[in-house]
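The residues of the chain are indexed from 1 along the displayed sequence.
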Amino acid sequence: MEARPRLLLVVVAIFVSISAVAAAVINVKNYGAHGNGVNDDTKAACGSAGAATMVVPPGTYYIGPVQFHGPCKASTLTFQLQGTLKAATDLKRFGNDWIEFGWVNGLTVAGGVIDGQGAASWPFNKCPIRKDCKVLPTSVLFVNNQNTVVRDVTSVNPKFFHMALLSVKNIRMSGLKISAPSNSPNTDGIHIERSSGISIMDTHISTGDDCISIGQGNDNVDVARVQCGPGHGMSVGSLGRYSGEGDVTRVHVRDMTFTGTMNGVRIKTWENSPSKSNAAHMVFENMVMRDVQNPIIIDQKYCPYYNCEHKYVSGVTLNDIHFKNIKGTATTPVAVLLRCGVPCRGLVLQDVDLRYKGQGGTSAKCENAKAKYLGYQFPKPCP
């Protein structure tokens, strides 16, 4: 991800080089925010010292791009949203994101509604068909933060991703409600890249793409009790597209429900990778699939475009991947697809019971995948 141009500092100007220790509660209406859904609130700004809480009271706040940047000397910083933030619809005003929280330690973002007003922008998204597309703005980006809490936030209709985590350490996300129409392009719920110590719990995601996408360079990702669907399901990937990508390690996904999604759990890597990397030590367990097209899928020949070169196998090596206690119904006969570019190592399927909802039995397809099967029921395992 390229460096971002500095955007307008909106709603609040955040605490660069704060030295005082007094706690403060800041109401943005006291600093010029209108909250009436009409006025452009990109001129309201405030600053404080010490442990601070910024409160956005009930109301609708129409804002353009905003950055909340540290570093901060405040012990804690809380952004308490009680109202609704609505994004401007003019794409010329935006860079790669709309609301950006960066370089802050001890940040909490809580409550409220974040409305990206993306419907007007979706027709301009060419990424599903063009490799050199212009990326539309993500609603909320967390970048280079440590010890962050995000809770009870509602995100609707982003122009691109709902939330993205880039180079963050130790973030806990819970109680989120994330939604967009099923035909909205690239509206991933939460995208994670080059981060560690990620916890996503007790969240509902219904959107047009992946509910959670775990990109390159991540370590120690824990996802639990997430309801996903409709949309594309959950993915690790896509990996191996760019040179110098980092490994993905220690991913634990558990106690999830997928309803009407295109995929359940998917690992996807590009062919023709310019460099080598690893995706290893992953556990996906206690999953319920309800009318899912592809409940379990490994695709190391991933390419979403019409014309794809199949010159070289993926440069991503998969190792120590466990699928455990995964049950439910598939809407296509192939409920398990394991398509490895190079042999997957340490692949285990345990207590899998997936039934095709149509006529005939459930099947599995495998390429270069030597898996171990334990307590396995349906579909019949690959030879």
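- Enclosure of atom CZ in Arg254 by more than 12 non-hydrogen atoms of other residues, nucleotides or ligands within 6.0 angstrom is indicated.
- The sulfur atoms (SG) of Cys133 and Cys127 lie less than 2.5 Å from each other.
- The two atoms that bring Asn157 and Ala180 nearest to each other are OD1-CA, 3.7 Å, heavy atoms only.
- Considering only heavy atoms from C-beta on, Met173 stays 4.5 Å or farther from Val153 through its side chain.
- Side chains of His191 and Ser213: a donor-acceptor N/O pair is present below 3.5 angstrom, by distance only.
- Here the closest non-hydrogen pair linking Trp98 and Gly64 is NE1-O, 3.2 Å.
- Using modelled atom types, one finds no donor on one side chain facing an acceptor on the other under 3.5 Å when comparing Asn325 with Asp351.
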Begin from the C-alpha positions of Gln300 and Arg339 and carry the test side-chain contact (heavy atoms from CB on, under 4.5 Å) through to its verdict. CA-CA 6 Å; Gln300 291 211 267; Arg339 187 163 68 164; over 6 Å; no

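- The only member of Leu176, Val226, Asp222 that meets side chain to side chain contact (heavy atoms under 4.5 Å, CB included) when paired with Met201 is Asp222.
- Two residues are said to be in side-chain contact when any heavy atoms from C-beta on lie closer than 4.5 Å; Trp270 and Val316 fail this criterion.
- Between the side chains of Asp247 and Ser277, no donor N or O sits under 3.5 Å from an acceptor N or O.
- Inter-residue side-chain proximity for Arg355 and Gln377 is flagged as met; some heavy-atom pair is nearer than 4.5 Å.
- If you check the side chains of Asp219 and Thr249, you find a donor sitting under 3.5 Å from an acceptor.
- Using a 4.5 Å heavy-atom threshold, the side chains of Phe68 and Leu107 count as separate.
- Heavy atoms from other residues, nucleotides or ligands lying under 6.0 Å from NZ of Lys169 number 12 at most.
- For the pair Asn125 and Asn186, the minimum side-chain heavy-atom distance is below 4.5 Å.
- The minimum heavy-atom distance linking His162 with Thr187 is given by the pair CD2-O, 3.4 Å.
- In this structure, CZ in Phe160 is found 12.5 Å from CG in Leu141, a value given to the nearest 0.5 Å.
- Proximity of Leu354 to Val336: side-chain heavy atoms (C-beta onward) are separated by under 4.5 Å at one or more points.
- For the pair Thr203/Ile212, no side-chain contact is recorded, criterion being any heavy-atom separation below 4.5 Å from C-beta on.
- To the nearest 0.5 Å, the span separating CG on Asn319 from SG on Cys344 amounts to 9.5 Å.
- Counting only heavy atoms from C-beta outward, the side chains of Pro343 and Lys370 never approach each other to under 4.5 Å.
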